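Keep in mind the model is a prediction, meaning the values are calculated, not measured.
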Amino acid sequence: MVIGLGFADRVLTEDEIRSIVRESLDTLSLDGKRVLVIIPDGTRSMPMPLMFSLFDEFIGKRGKALDYLVALGTHQPMSDLQLGRLVGREVVNGQAGMSHIHNHEWQDPANFALIGTLPAAEIKEITGGLMAQDVPVSLNKLIFEYDQLIVCGPVFPHEVVGFSGGNKYFFPGIAGPEIINFTHWLGAVITSYKVIGAGYTPVRAVIDRAASFIDKPKACITLVVTHKGVAGMYFGSPEEAWQSATKLSAQKHIVYVDKPYKRVLSIMPEMYDDLWTAAKGMYKMEPVVADGGEVVIYAPHITEVSYTHGRHIDEIGYHCRDYFLKQWDKFKDYPGGVLAHSTHVRGIGSYDPETATESPRIRVTLATRIPPERCARINLGYLNPDTIRIEDWQNRKDEGILVVPRAGEMLYRIKE
């Protein structure tokens with residue numbers, strides 16, 4: 001049974017949030033138990049300081065341990081200073097009071113345990129024949145040191161899985177590279193254009209099936225967060241809580257417009273510190289850009305393509321899906337997650353192998369501190385961010401120009 005509240009026309013009060021957390025945690029047997037809370041990193045809007053305080057209040061004295069694991073996927077590890085900003089407490093050597101906050105150390109294979117394998121026949125059935133291969137399922141072995149796992153994070157439309165949250169905090173959040181690369185490439189083959197905000201997808205089905213291998217008690221608190229506050233909060237199994245949150249997220253996080261735009265300026269907040277994360281300014285705008293139109297990712301604070309995958313991206317560049325599929329022997333040894341990111345940024349398009357001609361549907365331009373020569377090398381446009389005056393772009397919807405402040409979390413679609 002799901003516990004929680006959600007509203008399309010208001011946000012929850014702090015007292016309502018506190019009541020939901022207390023009632024939810026009271027349903028779990030936590031006395032004397034070791035509890036691990038799996039949380040997002042700093043690239044997700046989330047009232048983590050409040051949640052940290054509530055967990056401390058309602059679990060701290062009951063449990064034997066209350067620790068946290070940041071579901072980084074393949075994002076950068078967070079410093080003590082960054083962790084402190086995330087949880088609203090001083091963090092020293094990964095310690096905040098009595099709680100240890102662990103980064104998911106995805107770079108080290110020794111940190112993973114194989115918990116099962118998804119057989120090729122099942123993968124073929126789930127994906128409708130798109131793929132058929134055995135997929136090893138490995139997770140951060142830290143989870144086996146705890147008695148209770150609690151996922152706590154927000155739900156937003158997502159380019160790989162449909163909507164984020166729920167079991168996605170396990171896969172890719174704290175998962176090994178095999179299932180990360182598989183699920184991301186599966187989403188890319190389907191295309192972000194079709195997947196994002198699409199509800200229950202084949203990628204979500206793979207993730208939920210993989211989560212069934214986790215032989216530990218699992219619970220989940222999902223939040224629907226807007227710039228005004230928390231619109232909804234739901235507790236239950238990761239599957240149930242996620243499902244409840246997606247219904248509200250579809251109302252709160254999708255903006256419908258009447259017609260496509262020729263040009264979109266996505267203004268990226270500083271919580272996205274490289275293009276790998278700031279690319280959401282493309283993913284979530286692609287559906288409302290007219291054929292031949294342009295998305296400009298405006299982020300003067302960004303200097304790097306990807307702190308973790310930049311070398312691979314420099315080698316392959318940004319291309320549409322068919323550029324890779326029709327030259328698969330050339331690209332098959334690259335990580336699927338990197339190939340997927342490349343296609344998500346470049347968007348829908350086609351590739352003719354006979355003429356080696358790629359035809360993207362729209363243009364993608366970076367207005368960042370990434371130099372113009374590097375933009376050209378990775379197959380993206382360049383616009384000097386110092387030449388952009390936001391006020392010159394505003395109030396021009398009738399001309400086909402859209403400005404999106406704090407882009408990256410709201411999905412834009414054209415009304416049917």
key: Residue pair T222, M233: steps toward the side-chain contact (heavy atoms from CB on, under 4.5 Å) verdict   = CA-CA 6 Å; T222 58; M233 175 180 283; over 6 Å; no

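- Under the side-chain contact (heavy atoms from CB on, under 4.5 Å) criterion, T117 pairs with D134, sequence neighbours left out.
- Within the 4.5 Å cutoff, no side-chain heavy atoms of I38 are placed close to those of C152.
- With contacts defined as side-chain heavy-atom distances shorter than 4.5 Å, the pair V295/E286 does not qualify.
- You'll find the side chain of R374 stays beyond 4.5 Å of the side chain of Y382, heavy atoms only.
- Here Y307 contributes atom OH and L275 contributes atom CG; the two are 11.5 Å apart, rounded to the nearest 0.5 Å.
- Using a 4.5 Å heavy-atom cutoff, the side chains of F7 and L12 are in contact.
- Considering only residues two or more places apart in sequence or on other chains, D258 meets the side chain to side chain donor-acceptor pair (under 3.5 Å) condition with K415.
- Ion pair R377/E373 not flagged as a salt bridge, since none of the NZ, NE, NH1 or NH2 atoms sits closer than 4.0 Å to an Asp/Glu carboxylate oxygen.
- Within a 6.0 Å radius of NZ in K216, other residues, nucleotides and ligands contribute more than 12 heavy atoms.
- Within the structure, every pair that satisfies the ring-ring contact (aromatic ring centres under 6.0 Å, His included) test and touches residues 327-376, not counting sequence neighbours, is listed here: W185-W328, W276-H341, Y283-H344, H312-Y334, Y318-H341, Y323-F331, Y323-Y351, F324-F331.
- Using a 4.5 Å heavy-atom cutoff, the side chains of V189 and M131 are in contact.
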Hey, mind stepping through I388 and L383 against side-chain contact (heavy atoms from CB on, under 4.5 Å) and telling me if it holds?
-> CA-CA 8 Å; I388 292 180; L383 184 60; 3.7 Å; yes

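- Listed by chain and number, the residues in a side-chain contact (heavy atoms from CB on, under 4.5 Å) with E105 are N103, Q107, N111 (sequence neighbours excluded).
- Heavy atoms from other residues, nucleotides or ligands lying under 6.0 Å from CD of E270 number 12 at most.
- Residues forming a side chain to side chain donor-acceptor pair (under 3.5 Å) with N181 (at least two apart in sequence, or on another chain): none.
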| said: I'd like to know whether V11 forms a side-chain contact (heavy atoms from CB on, under 4.5 Å) with V230, so could you lay out the CA-CA distance, the side-chain angles of the two residues, the decisive distance to 0.1 Å, and finally the verdict. | reply: CA-CA 5 Å; V11 297; V230 178; 5.6 Å; no

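- Not a single donor-acceptor pair under 3.5 Å links the side chain of K218 to the backbone N or O of I150.
- Every residue meeting the side-chain contact (heavy atoms from CB on, under 4.5 Å) condition with P300, not counting sequence neighbours, appears here in chain and number order: Y298, R369, P385.
- Considering only heavy atoms from C-beta on, Q148 comes within 4.5 Å of L28 through its side chain.
- By the side chain to side chain donor-acceptor pair (under 3.5 Å) test, Q243 is found to be paired with no residue, residues two or more places apart in sequence or in another chain being considered.
- Without hydrogens or angle criteria, N140 side chain to F112 main chain gives no donor-acceptor distance under 3.5 Å.
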Report task. Please lay out, stage by stage, how K280 and E159 fare under the test salt bridge (Lys or Arg N to Asp or Glu O under 4.0 Å). Result -> CA-CA 8 Å; K280 291 180 183 294; E159 63 278 2; 3.5 Å; yes

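- Under 3.5 Å, the side chains of H75 and T308 contain no donor-acceptor pair of N or O atoms.
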| said: Set out, in order, the CA-CA distance, both residues' side-chain angles and the distance that settles ring pair (Phe, Tyr, Trp, His ring centres under 6.0 Å) for H158 and F163, then state yes or no. | reply: CA-CA 5 Å; H158 193 271; F163 283 88; 9.8 Å; no

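- The closest side-chain heavy-atom distance from I17 to L50 is below 4.5 Å.
- In Q133, the CD atom is crowded: over 12 heavy atoms of neighbouring residues, nucleotides or ligands sit closer than 6.0 Å.
- For the side chain to side chain donor-acceptor pair (under 3.5 Å) test, residues two or more places apart in sequence or in another chain that qualify with R361 are D291.
- N384 and T387 share no side-chain donor-acceptor pair at under 3.5 Å.
- Checked against a 6.0 Å centroid threshold, the rings of H102 and H104 do not count as neighbours.
- Here the CZ-CD distance, from R389 to Q394, works out to 10.5 Å after rounding to the nearest 0.5 Å.
- Judged by distance alone, with hydrogens and angles left aside, the side-chain atoms of T277 form a donor-acceptor pair with the main-chain N or O of D274 at under 3.5 Å.
- Using a 4.5 Å heavy-atom cutoff, the side chains of C320 and E358 are in contact.
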Exercise for the section: Go through the steps to decide whether I39 and Y169 satisfy the test side-chain contact (heavy atoms from CB on, under 4.5 Å), and finish with yes or no. Expected result: CA-CA 8 Å; I39 61 175; Y169 278 82; 5.9 Å; no

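- With respect to V91, the side-chain contact (heavy atoms from CB on, under 4.5 Å) criterion is satisfied by exactly one of L86, L81, L83: L83.
- The two atoms that bring C375 and L366 nearest to each other are SG-CD1, 3.9 Å, heavy atoms only.
- E409 and S45 are linked by a side-chain donor-acceptor pair at a separation below 3.5 angstrom, with hydrogens and angles left out of the test.
- The backbone N or O of V338 lies less than 3.5 Å from no partner atom in the side chain of S342, so there is not a single donor-acceptor pair.
- In the displayed structure, N93 atom CG is contacted under 6.0 Å by at most 12 heavy atoms of other residues, nucleotides or ligands.
- Residues satisfying the side-chain contact (heavy atoms from CB on, under 4.5 Å) test with I143, not counting sequence neighbours, are L36, L139, L149, I174, I214.
- No more than 12 heavy atoms of other residues, nucleotides or ligands lie within 6.0 Å of CG in D215, so this atom counts as exposed by the packing criterion.
- For residues 34-54, the set of pairs meeting the ring-ring contact (aromatic ring centres under 6.0 Å, His included) definition, not counting sequence neighbours, comprises F52-Y68.
- Note that CE of M51 and CG of L223 are 5.5 Å apart. Values are rounded to the nearest 0.5 Å.
- Screening residues 122-132 for side chain to side chain donor-acceptor pair (under 3.5 Å) gives E122-R209 as the qualifying pairs, with residues at least two apart or on separate chains.
- Counting only residues at least two apart or in different chains, side chain to side chain donor-acceptor pair (under 3.5 Å) contacts with residues 187-207 comprise Y200-D208.
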